[in-house]
Amino acid sequence: MDFLSPVIDGFGVAFTPANLLYCLLGVTLGMLVGVLPGLGPAATIAVLLPITYNIEPTAAIIMLAGIFYGAQYGGTITSVLLRLPGEASSVVTALDGHEMAKRGRGGAALGIAAIGSFLGGTVAIIALTLVAPLVAEVALDFGPAEYTMLALLGILMVSTLGTGSVPKSLLMATVGLLLATVGQDPLQGTARLAFGSDELLDGIDFVIVAMGLFGVAEILHNLESLRRRSGRPKAVGSVYPSRTDLRESRGAISRGSVIGFVLGILPGGGATMSSMVAYAVEKKATKKPEEFGKGAIQGVAGPETANNAAATSSFIPLLSLGIPANATMAVMFGALMLQGITPGPLLVKEKPDLFWGVVNSMYIGNLLLLAMSLPLIGIFVRVLRVRPAILASLTILVTMIGVYTVRTNVFDMFLVIGLGAVGYLMKKVGFEPGPLVLAFVLGGILEASFRRSMRTFDGDLTGFLTQPIAASLLAVILIVAALPPLRALHRRRTTKEAALP
Amino acid sequence: MRVLPRKAHGHAGAFLTAGTALVLAAASACSVQGGGSDDGGGKYPSRAVEFTVPTEPGGSTDLITRALVKSIEKPLGGQAVVVNKPGANGKIAGKDVFSSKPDGHRVAVMPQSLFAVGPLVVKDPDAIKLEDMTFVKGLSVEDYVLTVPASSKVKSLKDLLGSKRVRYGTTGAGTGSQLSQALLFGKAKVPSTAIPFDGGGPLVTAVLGGKVDVGAMHVAEVVKHIEAGKLRPLVVFATKRVEALPNVPTATESGHAIVVDQRRFVAAPAGLPDDVRDKLAGAIDKAVASGEYGQVLKQSYIGRWEVDGTEVARQLTKSRDDFAAMTKTLGIDLAAQ
Amino acid sequence: MGAPGAPGAPREPGAPGGSSAPGESAPQDEGLARDDVADGDEDGPVRPSASYARRQNVVAALVPLVIGAIAAVLSWQLGVGGLADPGPGMWPLVVSVAMVVFAAVQVLRSQPTGTEEKITGDALIVVVAVLSLAGYALLFERVGFEIPTVALLVLWLKVLGRESWRVTVALSLTATVAVYLLFITALGVSLPHLAHF
């Protein structure tokens, strides 16, 4: 049990009153700032970074990890209550979470998200403690070929996310893919579909697309019925998830933990993929798939558990390899450097107290998040009691300013307005933004990885088969793609046979 | 664009309905924008000085700027803040800052590559010109090191250049990482394919995982991996050996005179008054001398390049012309890669 | 949700008449039923007639079809390259061709699905809202955020939302100050602003 002693020492570090306080402060600040649209976890950490300048490294990182969790949950709050997903991993939460809120079950959605996040996070930390050094290397096995297959799999899943028809979802997905190509070619830097605009040259930020098509479109759509409505606030319903809710989410939470942990280790897109995969899995696992998109609690529990588990496991490559897995971890990396610590493969050996102190503070961070969010849900859902006109006005204001802060650019404000108008029209004609937004995220990964693979394989498509992981993923893709048509065929045949005699 | 308090306030009372408000504000915008000087220009800084970083938070430019800003407030005698404005390899931030009023309240930390390597990749008639800037101060220099995975059969530069074919990873199009390797393999006439990644982190991951044969990245990004024995350094593209990697020869020592580095400097809009520039440069001098800043540089293996504005201009011109000449002689077209 | 009424019942194609089909709005308001029973029908979106919905669907599918076609041409001009080195235009070309194909499928399958909403005179309010936001963005960096923010809130609260003057004035001023304190003072985010403290 020798290896456990630094772990236990780590608990000693995490439980010092000062560190507990920093953890609490981090979670609180993160949650408050994370609620502001546009300020996702990465931006929140960057903004709050100066606060940590003058505290010692371990405490600073503990606080930053707290900010990270808090900000993520903050994003969930806006996704559920206002349909404003602030980051890629909470887009799918908006699908069913906001539907639940509309039906007066916003409290239940937020509650299950908090519980799922806590459980997913805790499972991931335990797994991290036990296997971090072993699994870290997996991140290195994922190169261009593997990401190509992973992204393909993701896009295949996107088509199952919508509640409408599959062709409609596919059309929306292609629109998302096309939007993702706007800007510089990822390999050569050639300007594409940018129409000579410098701002477009840099591509469209994901947050802008998500906030435009979800948040702003929702506000515009609600404006229409503003005058016809009595102006009476909506009923909020029960604030907490019921026992039935908990029972129904049990499976979703346990599946979400595993999915999140595994995908979170992969650099780039892990957390987003995990929430999508979790949603798709829940939709397949449930006995009532027709409820998805109309407020199914599993549709909130699964992805929220998964994205928090992924958030935790994305620390693995950073802390054990020194590789930042995503934008948030890149900021963390910078924060560590400012503290005089260069994360690398030797961090665990050189600074065990820092490593384990941070890891163990995550337990506390998760617990504090749960302890803080549950009582606050009652307050959060009151947002829905605010008169629609006031809520719409304040939301649009915070959205516009939040959008500006993403890149300090007024152009993005115009983009979000335009996309909001498009999203409004899409609602009018029954197109859903979900597949579009998620395909948008995956499009960039798919194209860049595919082109890198092709350069590596000298244009030989069979090159994918020479990579074991990529080949296995390809097999999964073929199975997933072939199943529904085969099943349909089988059904048709059996019905025919039944009809014949 | 910053606005004058006095003029716009005059309109505030006229806001009766929202409709007229918008019209009025539009009208006032025109007069405000072209307005005169700020508060008489007596004291600098008269408000917070913005250091614009042309990247997302987290990169090395962001890092050193934050470290700088952390130490500059006292010598400057005023507030200083970091603003991230990423996009188009720094052009978006540059265009924005360098079109603002040259009063020293908005400056940008710009990379050399935008002016020296960028033009070789993309022909942009609208690019930022050296004349658009007042160079305040040089800041840092980062060298590139060529590495292979520890498991690679390649033990030295000679082995590498003896390969039949090289797939090299770069940190992106228009970077020193791409240029240095293109020049190396072009000079040695080794058949090669560039595989651009999305910055240093992803490239390090790819080299560690053996997804590319070789890659060139900043010293800071790989020192820890070299220490841990996961990566093997071959050469550095610097004029002399790098402090952090004393056993690694330079490319020039190995017979390939290729020097490519990344330098960063503080620039203000053209026409910055000399006294403001001197005051700012003086404050930067004091800030970079602080122990904290030095600590960050040391920890992140970033070299100092604290030269004055004239030297910055000279270096930019020189590297731009050198790189252009070298690629031309070798017949390398970076844009086609 | 699990309303015993009609959860998951197939949406009726071509809801009769211009009024909202009860089957549509019922699940929407399930949780609020107790409160909002009186508003019932007016509250939901207006469901169009079958022929209107079909026309709207065709238009909705033609838009991506045309955009896809234009994007395909532009991508082609960027250079497609070969498999060994795909050019910048290859992927956008693949995507835009797929977009054209799926859009064409949508044009052919234009029968109403029940998710369409009629675009009515109420859409005018949306047009006003979008224009006001565009104006806001236009002025944002030119005159600082303060004046446009107050103006935008006054427009949205008073004109679009028909709140009382008292609420409008109080809210728009408070919100502007709050944004200043939160973003500029507390978070140090760089917003263009008039007042310097």
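Small disclaimer: the values here were computed from a predicted structure and weren't measured. A, B, ... follow the sequence lines: proteins, then strands. Residue 1 opens every chain.
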Please report the closest heavy-atom contact between Ile125(C) and Glu224(A), naming both atoms and the distance. CG2-CA, 3.9 Å
In the structure I gave you, are the side-chain heavy atoms of Ile401(A) and Phe140(C) within less than 4.5 Å of one another anywhere? yes
Side chain to side chain contact (heavy atoms under 4.5 Å, CB included) between Val130(C) and Tyr424(A), intermediate numbers included: CA-CA 11 Å; Val130(C) 168; Tyr424(A) 163 80; over 6 Å; no
Chain A contact via Leu182(C) - side chain, backbone, both or neither, heavy atoms under 4.5 Å: side chain
Using non-hydrogen atoms and a 4.5 Å limit, figure out which bit of Val105(C) sits close to chain A: side chain, backbone, both or neither. side chain
Cut-off 4.5 Å, heavy atoms of chain C, and the answer for Phe450(A) is side chain
Part of Phe431(A) lying under 4.5 Å from any heavy atom of chain C: side chain
Relative to chain A, which segment of Val167(C) carries a heavy atom at a distance below 4.5 Å: side chain, backbone, both, or neither? side chain
Exercise: identify the closest heavy-atom pair between Pro88(C) and Glu447(A): O-OE2, 4.4 Å
What part of Leu133(C) gets closer than 4.5 Å to chain A, counting heavy atoms only: side chain, backbone, both or neither? both
Less than 4.5 Å to any heavy atom of chain C: does that hold for the side chain of Val403(A), its backbone, both, or neither? neither
State, yes or no, whether a side-chain contact exists between Ile67(C) and Val175(A) at a heavy-atom distance under 4.5 Å. no
Hey, which of Val179(C), Thr176(C), Leu153(C) has the most heavy atom pairs under 4.5 Å with chain A? Leu153(C)
Under a 4.5 Å heavy-atom cut-off, does chain A meet the side chain of Ala123(C), its backbone, both or neither? both
Ordered numerically, the heavy-atom neighbours of chain A under 4.5 Å found in residues 90-103 of chain C are Trp91(C), Pro92(C), Val95(C), Ser96(C), Ala98(C), Met99(C), Phe102(C), Ala103(C)
What part of Gln106(C) is in contact with chain A, defined as an atom under 4.5 angstrom from a non-hydrogen atom: side chain, backbone, both or neither? side chain
Any idea which heavy atoms bring Ile417(A) and Ala134(C) closest together, and the distance? CD1-N, 3.7 Å
When you compare the side chain of Pro64(C) with that of Leu171(A), does any pair of heavy atoms fall below 4.5 Å? yes
Hey, does the side chain of Glu141(C) reach the backbone of Asn409(A) with a donor-acceptor pair shorter than 3.5 angstrom? no
Could you tell me which portion of Leu32(A) (side chain, backbone, both or neither) has an atom closer than 4.5 angstrom to a non-hydrogen atom of chain C? neither
Toward chain C, the part of Thr174(A) with a non-hydrogen atom under 4.5 Å: both
Chain C heavy atoms under 4.5 Å from Met400(A): which part of the residue, side chain, backbone, both or neither? side chain
For Ile297(A), is it the side chain, the backbone, both, or neither that has a heavy atom closer than 4.5 Å to a heavy atom of chain C? neither
Could you give the distance from CG (Leu152(C)) to OG (Ser393(A)), rounded to the nearest 0.5 Å? 7.5 Å
Residue part contacting chain A, namely of Leu157(C), when any heavy atom lies under 4.5 Å: both
For Ala389(A) and Glu163(C), which heavy atoms make the closest approach, and how far apart are they? CB-OE2, 3.6 Å
Select, from Asp458(A), Thr456(A), Val182(A), Ile396(A), the one with the greatest count of heavy-atom pairs under 4.5 Å involving chain C. Ile396(A)
Quick check: do Tyr136(C) and Leu397(A) have side-chain heavy atoms less than 4.5 Å from each other? yes
For chain C, which of Leu178(A), Val216(A), Val398(A) has the most heavy-atom pairs under 4.5 Å? Leu178(A)
